[in-house]
Each structure stands twice: as structure tokens, then as C-alpha cells.
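Just below is one structure, and these are the notes that go with it.
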Number of protein chains: 2
Amino acid sequence: MADATIRDVARRAQVSVASVSRVLNRLDNVSEETRARVTEAVRELGYVPHAGARSLSLARTNAIGVVLPDFHGEFFSEIVRGMDREASRRGYMLLLSNVHAGSEQSANAMRAMRGRVDGLVILAPHLSEDELADAVPRGTPAVLINTRGDAGGHPGVRLDNAAGAEAVADHLASLGRTRIVHIAGAAGNIDAQQRADAFLAALQRRGIAVQVIEGDFLEESGEAAIEALLKAGESFDGVFAANDMMASGALQALNRAGLRVPEDVAVVGFDDVPLARHIGLTTVQVHIAELGARALDRLISILEGKEDPGGQELHKPELVIRSTTDPKANPR
Amino acid sequence: MADATIRDVARRAQVSVASVSRVLNRLDNVSEETRARVTEAVRELGYVPHAGARSLSLARTNAIGVVLPDFHGEFFSEIVRGMDREASRRGYMLLLSNVHAGSEQSANAMRAMRGRVDGLVILAPHLSEDELADAVPRGTPAVLINTRGDAGGHPGVRLDNAAGAEAVADHLASLGRTRIVHIAGAAGNIDAQQRADAFLAALQRRGIAVQVIEGDFLEESGEAAIEALLKAGESFDGVFAANDMMASGALQALNRAGLRVPEDVAVVGFDDVPLARHIGLTTVQVHIAELGARALDRLISILEGKEDPGGQELHKPELVIRSTTDPKANPR
DNA sequence: ACGCATGTTGTAACCGGTTACATGACCTAG
DNA sequence: CTAGGTCATGTAACCGGTTACAACATGCGT
């Protein structure tokens, strides 16, 4: 037996569908008699309104689409958590879509959301400005997180990757480290690139040598990077990984090799995922969840017709110093 | 200017809406001429189909609703990650809804999903069987994770909490620990209750004393529990926390108090969140992501009309021994 | 008694897709 | 030449809600 519709309810309560709708939406121009009859019929039939149909006629879904490049590592968990918190606080649901592969798939994912969501939050550090511009359906408001360029005039929330990377350079330099390794993030990723560029530039200004190894943001690649260096007989006294997961992998490899952290090698990460605090990792604190919450917040403001200043909001991260660079810091 | 609809495209291409629909859905009974005209019009107008309307007429959304009690701690991140992986692999989107407060809110959240999703995955360890039964809309297939009782005949995926807790009891006993503390999970939570019950029973069979302190699954409550015990001058040589986050909090409190782990106090958690491996926590390994993926998998099978055996699928967890109980294990 | 304001209710169009069915063009076999 | 088949296309109903508007009842003032 198919689910009851509003017309079934109307028939059973002997009223029109308009009256049923009015009762369900708590409009006040309904007589007590009618209200009671409808309420009863709803109960008897176990009627639950069809949200899809409702949003079609209202042109409003109360849902927000979230497009993520992938769902791995604590960074994404955290950002989704922040969005979710804000969304449920403001009465919205989140429609998730993860994009593993290329830009074609991303575009499809975004298109597939048209008519299901009122707006989009897009985290696509691997898409070019153009790709983004034509992937977002025309009439769908969108807020971007960490995109390059101006991204088709969509408002956005951004992390000041350069400031973070420079703080790391300062810190390592002030510790007197002179043979430094940077484990970079995935190629083509805008965050990875900004971090690497700023870090190298800052060290160069100080005349400190850097060696760059490319990673992919996963823990294993941090481990592999260090192992490769050690095997090649390279020596270094400072490591900056482009994110915390790779830093964690690096720490494990260093531990296994019997190198002391921070005495022999200082290690710094980026993001400050929850794990970082637990392993005592010095890192660039990003307040990831807040970044997500802020993006959602702006999107909802736009949806509700409030003025939005537009443009890119830059969030400046701060270095937190823990035991992987400071021997006096409490290890864990 | 409002978004283009299929009728706009039809007008522009000088064909009927039926033809447009046929082209968009790649049906083959369309002439080359028509296909070209439609494709061109779509491009010119930047037309993107309205997924909401589409699913209304197809009675199919390609989305799955996920109801979670809250979104805190790695447990939920992991389970969502597992679901997401499976969902995107099989071409579904995930609609998230977090329920912070009571059963009323949970029921509303599930109802709000009717017509937006093809089915539900519900993780509601705090709801009673009855509450669940009438919160799930009649015609919506649902798969439950870790619910009590039989939950209205919905199929489910369950964790064998008792087996896990017993393994912990065995392990602590075999280490010769005799004064044991259990930091329990939130009251009213079915997992918390099953773990505590089985743990106490197992220790009782061995004649080992246990002291129970109630926590709430958050890290801070694990910390607070240990602090309270130490302040009260209690002494103990084994701690079993009902989840890893509380175990992590407990570890921190023990460290601060100068107690050695595992020599003075052995610590065991539950869940094996990613963090556990990093801090060397002995714990009950749950394969959280797989649990989520499995639930989704079953739901999709049901949606696609495949036979489902029904009933509750029990997943037996395994103890993984790390450095918080085994001094020989590699610390981190 | 009438006109008019007020309040409740129902009818039907609409949101933007899909698709059953009808139509008509064209081809082929008898 | 006609009957029947194939193929591309269009018309309109339908999915399940919302709501503008019309219709009607009621009560009031005059």
C-alpha cells in the first residue's frame, strides 16, 4: 500500500486539500472543527508530508549541498562537523557529495544538486577558476572555501596559507634549524601550492636551504617521504609537512629510525586536526570546523536575503607550538 | 532571470518537452537533428535539470538519509565516511541530519526526510524501540545501526558490544589487574549499557572488583572521571573506558598525575578510532567505517529490489593490544 | 430588508520534470 | 494502391504538495 498523500487525508477528513495544507502549515484561518478532523485523519493514516513535493512548489528545500574533493582524513571530518553544527542550528539539512576524480565529476555532482538544495558550499582546491565557474548552476548561490582567484564572483572563505607557512618558517629559523625539508601536498592543489610557495620564499629570504618532496596529504606519504630521505642518506634538522596527517607519518618514520624529535629533527604540520594535540604536534592552527561553519553561515545569510559583503573572507591561522619543536612543551 | 526549465529549452529548440527529456535521458528514439538542436539549446541557456522535480515524478531520489544522534568525536566522522564511500560508489548522495536533543526531534528529522530520500540509515542508540517505530515514515525503507530490541522489523547492523567488553575483561584479568575502573558511556545509550553490563558480569564471574563512573563519551568526561577518583584517593590498576575518546581523556589525567601507563594503570578503550593507533591505545577494534558502509550497502540492496535476509547482522569486534596495556608494544 | 466586512472553504493552476498514448510520416509487402 | 509496420514527435496527465482566487455563510449596521 503506497504512502498516503494529502489528497487521501483530505478525502478521509471530508475536507479539501487546501484545508489539509492549511492545518499542516499551522495557518490560523481554519476552524477548530476542520483542524480536529484533519489532525485525526493524519494520525489514522500515518500521513507524513512529502518534502520533495513541498519544496518543488515552494522553490525552497531547506537543504544545503556540500561538495568535497574527498572524505579522507580529519580535515574533512572537521569541516563537515562545523557545517553540520551550523546547519542544524539554523534548520537546514546537509546534502553531501564527494568528488573523487576529475573536474568532470565535480561538475556533475554540483549539477545533480540543482533543485535539491537552496545553495552550495564548495571545497574544491583542485579545480581551476573556469572549471568552477561553469560547474555551478546559474541560479544557485554558492560559497567557496579555499579556491583560487576570484572564482566567478562567488563569495568565499579562505585560509591565509601564506601567513601560516611563513609563521612556520619563522619558527624553524628561530630554532636555528638550517637544513629543512618540506613535504608538500598534492600537486595541483591550491592549498598545497600556496603553502609551499610561501614557505620556500620565506626561507630563501633568510638564506636557509630547503628540500621539497611531494606528498599527497595522506599519512603514508609523509612516512614514505622521510624514509626515502633517510635511505638516500640525506640529513636534515627540520621538517614542515603541508598537513598534519603527513606530519604524523613523518613522526612515525623518524621514531622508527631512532631520531629524536625535536632534538634531532623538529617537525611541524598544518591544520591542527584534533589528532595534532594528542601527538604533541606543533602545527598551524586553522579552526577547521569554524571555517566550515562560517561558510555555511554566510551562505544561509545570502539565502535569507540578508546583505552579504561579498568577496573573499581571509582567515589568518596561528602557529601552536607543541612538543615536536619545543622540548619543554608537555609531551602529550 | 530565473533558471531555465525544460519548457524553455523546448521552446528554444523548437521541439516538445518530451523530446528534450528524451535527449537528456539518452533515450535512443530521437533523430540526430533533434538531438543536436536540443543539445545546443541546453548549452545556450545553461540549462541544468531540476533534480527535485525529476525525483518527484520518478518517485526516486538517489539520496539516502542518515540520522545521527550527534556529530562529535571520531566515531561519527568515521561512520559517515564509511557510508559516504559506499554511497558515492553506488551513485547515491547522503542527506545528513543530526539530532541533538530528544526523541521528538529525532522523529521530526526522519519525517522531514520523506520524499527527499529513498531510504534511511538510522543510528539512534538513545531511542527506544517504540519511539523508533513511529518515527520512521511507513513507506520508507530503513536500516538501523545498533538499536535495541527488534526495532519494528527493520533490518539492522549491530556491534557485538558484549563480546568486545568481555574480551577487555579477559585481557585485564590476564594482566593480573584486580582493582578495575569502568568509565561508562552516557546513560540511556544502548551501547554504553551493553558494554557496562557485559564487562561487569565478566569481571564478577572472575571475582574481580569494579568501580563504575558514569561518563558521556566525550574526552573531558574521561579526564574528569580519573581526576575525581584520584582526588578521592581511590587506587586502581586498570581502566576500561566505554569509548576511545574517554580513554584518551583518562590517559591525559593519568599522565598529569604522574602515573605510568601501563605499569601502574592499564588503560583500554572501545571503537578503535583513528586516534587510538596514534596514542598506542589498547582498544576494541570496531571497523567503524565498515559498519557504516555495510548498513548502506544493505539499504541499497533493498532499494534495488534485491532480496535481503532481514534481521540483525551482528559484527564481532576484536581486541587490539597496544602500549597502554602492553609495555612491550611499540609506544606510538 | 439590504449592502458590506469577515471568516472559512473549495477549485484549479502551478512548481518542473517524465511518459503513456495518439498522431502522422514514411516504408514495405501484397 | 492499400494495409500494416516502424519511427520520431507532440499532447497532456501525472507525481504531491501550495496558494490565488472565487464562492459562500455569517453577522453587523442602517
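Letters go in sequence order (proteins before strands), and every chain restarts at 1.
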Which residues pass the side-chain contact (heavy atoms from CB on, under 4.5 Å) test with B/L56, sequence neighbours left out? A/H50, A/A53, A/L56
With A/R11 via salt bridge (charged side-chain N to carboxylate O under 4.0 Å, His left out) - residues at least two apart: A/D8
Got a sec, which residues hit side-chain contact (heavy atoms from CB on, under 4.5 Å) with B/D216, two or more places apart in sequence or on another chain? B/L218, B/S221
Check side-chain hydrogen bond (donor to acceptor under 3.5 Å, both in side chains) between B/S55 and all other residues, then give those that pass, not counting sequence neighbours. none
Qualifying residues under side-chain hydrogen bond (donor to acceptor under 3.5 Å, both in side chains), relative to A/R60, sequence neighbours excluded: A/N62, A/Y92
Find the bend of the helix from C/dA1-D/dT30 to C/dG30-D/dC1 as the angle between its two terminal axes (five pairs each), to the nearest 10°. 60°
I'd like to check the side-chain hydrogen bond (donor to acceptor under 3.5 Å, both in side chains) partners of A/R43; sequence neighbours left out, ordered by chain and number. A/E40
Nucleic acid footprint by protein, nucleotides 5-18 of chain D - heavy-atom cut-off 4.0 Å, B for base, S for sugar-phosphate alone: ---SBBBB--BBBS
Partners meeting side-chain hydrogen bond (donor to acceptor under 3.5 Å, both in side chains) with A/R114 (sequence neighbours left out): B/D3
